[in-house]
Amino acid sequence: MSASASMEEFEALLNESFEIDTPDEGSVVKGKVIAIEAGQAIIDVGYKMEGRVELKEFAEPGEQPNVQVGDEVEVFLRQVENAKGEAVISREMARREEAWDRLEKAYADEDRVEGAIFGRVKGGFTVDLGGAVAFLPGSQVDVRPVRDAGPLMGLKQPFQILKMDRRRGNIVVSRRAILEESRAEQRAEVIGNLTEGQAVDGVVKNITEYGAFVDLGGVDGLLHVTDMAWRRVNHPSEILSIGETVKVQVIKINKETHRISLGMKQLQADPWDSVEAKFPLESVHTGRVTNITDYGAFVELEPGVEGLVHVSEMSWTKKNVHPGKIVSTSQEVEVMVLEIDPAKRRVSLGLKQTMRNPWEVFAETHPEGTQVEGDVKNITEFGLFVGLDNDIDGMVHLSDLSWDQRGEEAIQSYQKGDVVQAIVTEVDVEKERISLSIKALDDSFTGATEGVKRGSIITVTVTSIEDGGIEVEYEGAKSFIRRSDLSRDRAEQRPERFGVGDKIDVRVTNVDQKTRRLGLSIKAREIAEEKEAVEQYGSSDSGASLGDILGRALKGED
């Protein structure tokens, strides 16, 4: 073997021994603590090398360093030799490497890891996971937002790893996930022990507009406002206060969502069971108005029993008025029971039934022909509405305003608020109608025509000559005699043969008090006279002509 060959081998062996003797920088090596001095541990890492590590690197957060001479430890070799000829080593970096290996395995297996919160950073906290530092977002600290995380600092507790990135050195953990898991287990256990219909004690934890949350020992149930009492409850705080212990019944358990519905009124007697016995039909009771809507008012007859007074049953006279104008909340009112439906838990009540029907009262106190007085409330195209007693109105139809004027003309002289007098002509209680007449006040016609009846012969004065006949007057009452009634003789049925102011005798054919008209006729008078002459002076059968008889009759008159 040549010298040069053996030289190469020697070099190779030498290099190999060097490689064996000096571990790689940047790796974790085992070492032995050979001394502790001046707050440092001196560690022999073999290969004739020693290094120093600050004692505090051996301490867990918030604990004392735990290291003794003779301990075997793993450290991270940063540099083989520094200026002092020592190895530069770090226990912390070794722990970090060790921790990452351990954490990656835990992350893969979805295992929990131990750690301690040791610092506050923007948006959350830092957690030491035994060498590796992780971030705990604020939202992941607890199930509910935490105002003060002070008591949690430095405590060893389990965390769940949510994300890991070794290259970037990022770890995100959650404490909340673990709490929720244990809470779910606890809930499942509590729910497993509950049955629907069971009565349990609970503590009021929270009160909202619509109900209260009651803690049944690790699980909350909702007590809805409508299940608190049989009576109407406007806000749960009327009945409950936070922290109070209450007896409740489990109404429903939803196995999938684990939601529990609770009730309090179910543990008390249902007032509806005795409603029919306590509130018979047509009985009258005093109740309190609890709520007013557009369609009526709710009246509480007793706690838990409310009835509705429909707007149509509130007042005899106030129609199309909002119920709030008739009654007010909390007012005590007298009501009559009109209908009960226990199945639908409905009672229909009447307010107006406890008062007499004002139309009935009016009919009793104002028979037809009574004179009344009132204000003009309203003027319509068909008449006047006049306000009478007890908020009721009577109506004067256009045709009942005046004898002489047409209704449309007569109504022009009235205004809202005018005080008028009228005569009651009809009261219809069923239809709630009162008919009045203003023209009936004027009974001059009755006075003028007193003693005049059908068949009377009276003397009238001609007041006007028209095409169709003549207008005449008798004691201030005007009448019209049509052309056909002016004479028996067709040739004489001419209005122009009369003059205004002429006095003529006429026969009364009709007396109409309603229209204040006398039916008059000259023709009827002539026929009646002829009939009389025939009876007195011979029969028409005897052959004497009518002319002869009339001639004799007229002679006799002469």
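No hydrogens, no waters, no symmetry mates; every other heavy atom, side chains included, goes into these values.
- Between the side chain of Glu238 and the backbone N or O of Asn234 there is at least one donor-acceptor pair closer than 3.5 Å.
- Put simply, the side chain of Ser348 never gets that close to the backbone of Leu338: no donor and acceptor are under 3.5 Å apart.
- Gln198 CD: more than 12 foreign heavy atoms inside a 6.0 Å radius.
- Counting non-hydrogen atoms of other residues, nucleotides and ligands closer than 6.0 Å to CZ of Arg346 gives a total of 12 or fewer.
- Between Asn170 and Phe135, the closest side-chain pair of non-hydrogen atoms is not below 4.5 Å.
- When atom types are taken as modelled, the side chain of Thr354 and the backbone of Met336 share no donor-acceptor pair closer than 3.5 angstrom.
- Proximity of a side-chain donor or acceptor of Trp316 to a complementary backbone N or O of Met355 within less than 3.5 Å is detected.
- The backbone N or O of Val361 lies less than 3.5 Å from no partner atom in the side chain of Glu364, so there is not a single donor-acceptor pair.
- Between the side chain of Asp227 and the main chain of His224, no donor-acceptor pair closer than 3.5 Å is present.
- With respect to Asp142 and Arg176, no salt bridge is recorded, no charged nitrogen being found less than 4.0 Å from a carboxylate O.
- Distance alone, capped at 3.5 Å, is enough to place a donor-acceptor pair between the Trp272 side chain and the Gly304 backbone.
- Judged by distance alone, the side chain of Lys352 and the main-chain N or O of Ser312 form a donor-acceptor pair under 3.5 Å.
- Rounding to the nearest 0.5 Å gives a distance of 10.5 Å between CD of Gln140 and CD1 of Ile178.
- The backbone N or O of Ser328 lies less than 3.5 Å from a partner atom in the side chain of Gln331, making a donor-acceptor pair.
- Note that the NZ atom of Lys252 and the CG atom of Leu262 stand 13.0 Å from one another [nearest 0.5 Å].
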